[in-house]
Amino acid sequence: SVDPMTYEAQFFGFTPQTCMLRIYIAFQDYLFEVMQAVEQVILKKLDGIPECEISPVQIRKCTEKFLCFMKGRFDKLFGKMEQLFLQLILRIPPNILLPEDKSQEVLTYSAEEFQLLHKEIEQLQEKYKTELCTKQAFLAELEEQKIVQAKLKKTLTVFDELENAGRENGTSDFRESLVFLVQNSRKLQNIRENVEKEGK
Amino acid sequence: FDEIIVDIATKRKQYPRKILECVIKIIKAKRE
Amino acid sequence: ALSRVKLLDTMVDTFLQKLVAAGSYQRFTECFKCFSQLQSEMSQRIYDKFVTQLQTSILEEIAEIKAEGNLEAVLNALDALVEEGKDRQEPAWRPSGDPEKDLRSPLLPYFLQQRDTLRRRVQRQEAENRQLAEQVLNGRRQVEELQLQCRARWQAWQALHREQKELLAVLRE
């Protein structure tokens with residue numbers, strides 16, 4: 001089973017295996033190129049030797065023999081190096097968390113807890129709206145009360161002014177003055193009746 | 001396969017932050 | 001502990017040493033027997049050149065890869081992360097493969113903060129509303145009080161008015 005090394009890819013931006021493949025192919029290309037250069041130089045040298053019996057085919061066979069050996073050792077050594085690379089260099093140790101995942105360590109909520117949290121937030125939002133509406137209603141009523149109280153106070157003021165008017169006209173207390181008036185008028189009536197009687 | 005791995009890893013690296021930015025905007029907008 | 005960059009260089013050097021050791025001059029002459037017998041000196045020079053060129057090419061390739069992906073800085077950053085986390089032994093969190101599940105933790109602090117802010121605001125508003133309710137009740141009591149006063153004054157006035165009418169009736173007689 002292939003370990004996709006996704007976490008490493010998240011950190012490096014490439015998969016370690018691809019990186020190793022890239023290095024392997026580059027190294028292998030160099031090995032081939034250098035071998036080709038060696039063969040070219042040898043052939044050129046042989047060209048310079050008169051009546052040389054070594055044919056290019058022979059040299060090619062030598063090259064293939066050496067390359068085959070080198071390639072075998074190359075693959076073996078590279079395999080070891082790749083293993084070490086993937087274990088020691090291009091690996092995120094299991095106990096290490098990448099910076100962007102720091103929050104995973106701090107808090108972990110289950111799906112249910114997360115749902116509950118969302119539900120609580122929605123309830124709080126509704127409650128907050130309700131409280132705000134309540135506040136508006138209270139403020140509106142306080143405004144109304146101000147108006148009503150002003151009207152009622154105005155009415156009371158009217159009564160006070162009436163009383164004051166009475167008082168200003170010598171009648172301190174309107175009710176007493178009326179009683180006094182009634183008594184006076186009854187007295188007047190009695191006097192009148194007496195006067196009429198005596199007159200007869 | 002390799003491309004898929006790199007693609008997923010890139011998303012895992014970048015998307016939480018992007019989503020977080022959106023969520024923070026939403027929370028702010030709701031608050032306003 | 002060796003830094004990852006040093007480790008990398010060491011591994012590549014070891015790889016090269018072993019590769020060159022495997023492809024020794026002896027092995028080279030065995031494979032190119034006909035040529036090395038004919039031109040042993042030249043053969044030695046060609047072999048040396050082969051080794052030098054191979055090493056140079058491979059080291060240049062590594063340098064290029066390091067430069068290309070800024071690998072040194074990335075590996076040093078990884079060293080720093082490992083150093084930072086060296087005290088913890090248990091395995092760290094890894095993506096579960098379920099994005100929604102993995103997203104919960106990064107978002108959580110913000111939702112918790114939102115909830116706490118809302119809680120504070122609701123509490124503050126509730127407290128303010130309790131005060132307002134108190135004011136409203138006081139206001140209602142005051143209105144009631146004023147209404148009673150007005151009613152009393154009005155009734156008194158009505159009574160006076162009635163008496164006044166009676167009086168007028170009497171006086172008129």
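Per chain, numbering begins at 1; letters A, B, ... match sequence-line order.
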**Student:** Write down the atom of C/V82, the atom of A/P93, and the distance for their closest heavy-atom approach.
**Tutor:** CG2-CG, 3.6 Å
**Student:** Looking at C/R88, I'd like to know if its CZ atom is crowded, meaning that more than 12 non-hydrogen atoms belonging to other residues, nucleotides or ligands lie closer than 6.0 Å.
**Tutor:** yes
**Student:** With only heavy atoms counted, which part of C/M11 is less than 4.5 Å from chain A, the side chain, the backbone, both or neither?
**Tutor:** both
**Student:** I need the full list of ring-ring contact (aromatic ring centres under 6.0 Å, His included) pairs touching residues 44-69 of chain C, with sequence neighbours left out, sorted by first then second residue.
**Tutor:** A/F66-C/F50, C/Y25-C/Y47, C/F28-C/Y47
**Student:** Is it the backbone or the side chain of C/L2 that comes under 4.5 Å from a heavy atom of chain A, or both, or neither?
**Tutor:** neither
**Student:** Do you know which of C/E126, C/E128, C/Q123 makes side chain to side chain contact (heavy atoms under 4.5 Å, CB included) with A/E131?
**Tutor:** C/E126
**Student:** Where do C/L81 and A/L97 come nearest, in terms of heavy atoms and distance?
**Tutor:** CD2-O, 4.2 Å
**Student:** In Å and rounded to the nearest 0.5 Å, what is the OG1 to CG distance from C/T117 to A/L124?
**Tutor:** 10.5 Å
**Student:** Could you tell me whether A/E53 atom CD has more than 12 heavy atoms of other residues or ligands within 6.0 Å of it?
**Tutor:** no
**Student:** After noting the C-alpha distance and the side-chain angles of C/R153 and A/D160, does the key distance pass the salt bridge (Lys or Arg N to Asp or Glu O under 4.0 Å) rule?
**Tutor:** CA-CA 10 Å; C/R153 304 287 290 272; A/D160 290 344; 2.7 Å; yes
**Student:** From the options C/R140, C/Q135, C/Q142, select the one residue that forms a side chain to side chain contact (heavy atoms under 4.5 Å, CB included) with A/Q145.
**Tutor:** C/R140
**Student:** When you look at NZ of A/K71, are more than 12 heavy atoms from neighbouring residues, nucleotides or ligands closer to it than 6.0 Å?
**Tutor:** yes
**Student:** If you draw a 6.0 Å radius around CZ in A/R73, do more than 12 non-hydrogen atoms from other residues or ligands fall strictly inside?
**Tutor:** no
**Student:** Would you indicate whether the side-chain heavy atoms of C/V74 and A/F11 approach each other to under 4.5 Å?
**Tutor:** yes
**Student:** Please determine, among A/D29, A/L88, A/T130, A/L188, the option with the most heavy-atom pairs under 4.5 Å with chain C.
**Tutor:** A/L88
**Student:** Can you give me the closest heavy-atom contact between A/C52 and C/L38, atom names plus distance?
**Tutor:** SG-CD2, 4.2 Å
**Student:** Rounded to the nearest 0.5 Å, how far does CH2 of C/W93 lie from OG1 of A/T108?
**Tutor:** 11.5 Å
**Student:** Okay, side chain of A/Q104, backbone of C/S105: is any donor-acceptor separation there less than 3.5 Å?
**Tutor:** no
**Student:** Which heavy atom in A/M70 sits nearest to a heavy atom in C/G23, and how many Å separate them?
**Tutor:** SD-CA, 3.2 Å
**Student:** Using non-hydrogen atoms and a 4.5 Å limit, figure out which bit of C/Q55 sits close to chain A: side chain, backbone, both or neither.
**Tutor:** neither
**Student:** With only heavy atoms counted, which part of C/V12 is less than 4.5 Å from chain A, the side chain, the backbone, both or neither?
**Tutor:** both
**Student:** With a 6.0 Å cut-off on ring centres, are A/Y109 and C/F111 close enough?
**Tutor:** no
**Student:** Rounded at 0.5 Å granularity, tell me how far CG in A/L117 sits from CD in C/Q114.
**Tutor:** 8.0 Å
**Student:** Run the numbers on C/R104 and A/E113 for salt bridge (Lys or Arg N to Asp or Glu O under 4.0 Å), then give the verdict.
**Tutor:** CA-CA 10 Å; C/R104 278 202 290 266; A/E113 288 168 319; over 6 Å; no
**Student:** How long is the span from the SG atom in A/C62 to the CD atom in C/E30, to the nearest 0.5 Å?
**Tutor:** 12.0 Å
**Student:** If you tally heavy-atom pairs under 4.5 Å against chain C, which of A/I49, A/T6, A/V148 wins?
**Tutor:** A/I49
**Student:** Starting at CE of A/M81, measure out to CG of C/L19 and round the result to the nearest 0.5 Å.
**Tutor:** 10.0 Å
**Student:** So which heavy atom on A/Y128 is nearest to which on C/Q125, and how close?
**Tutor:** CE1-CB, 4.2 Å
**Student:** Rounded to the nearest 0.5 Å, what separates atom CZ in C/F35 from atom CD1 in A/I42?
**Tutor:** 5.0 Å
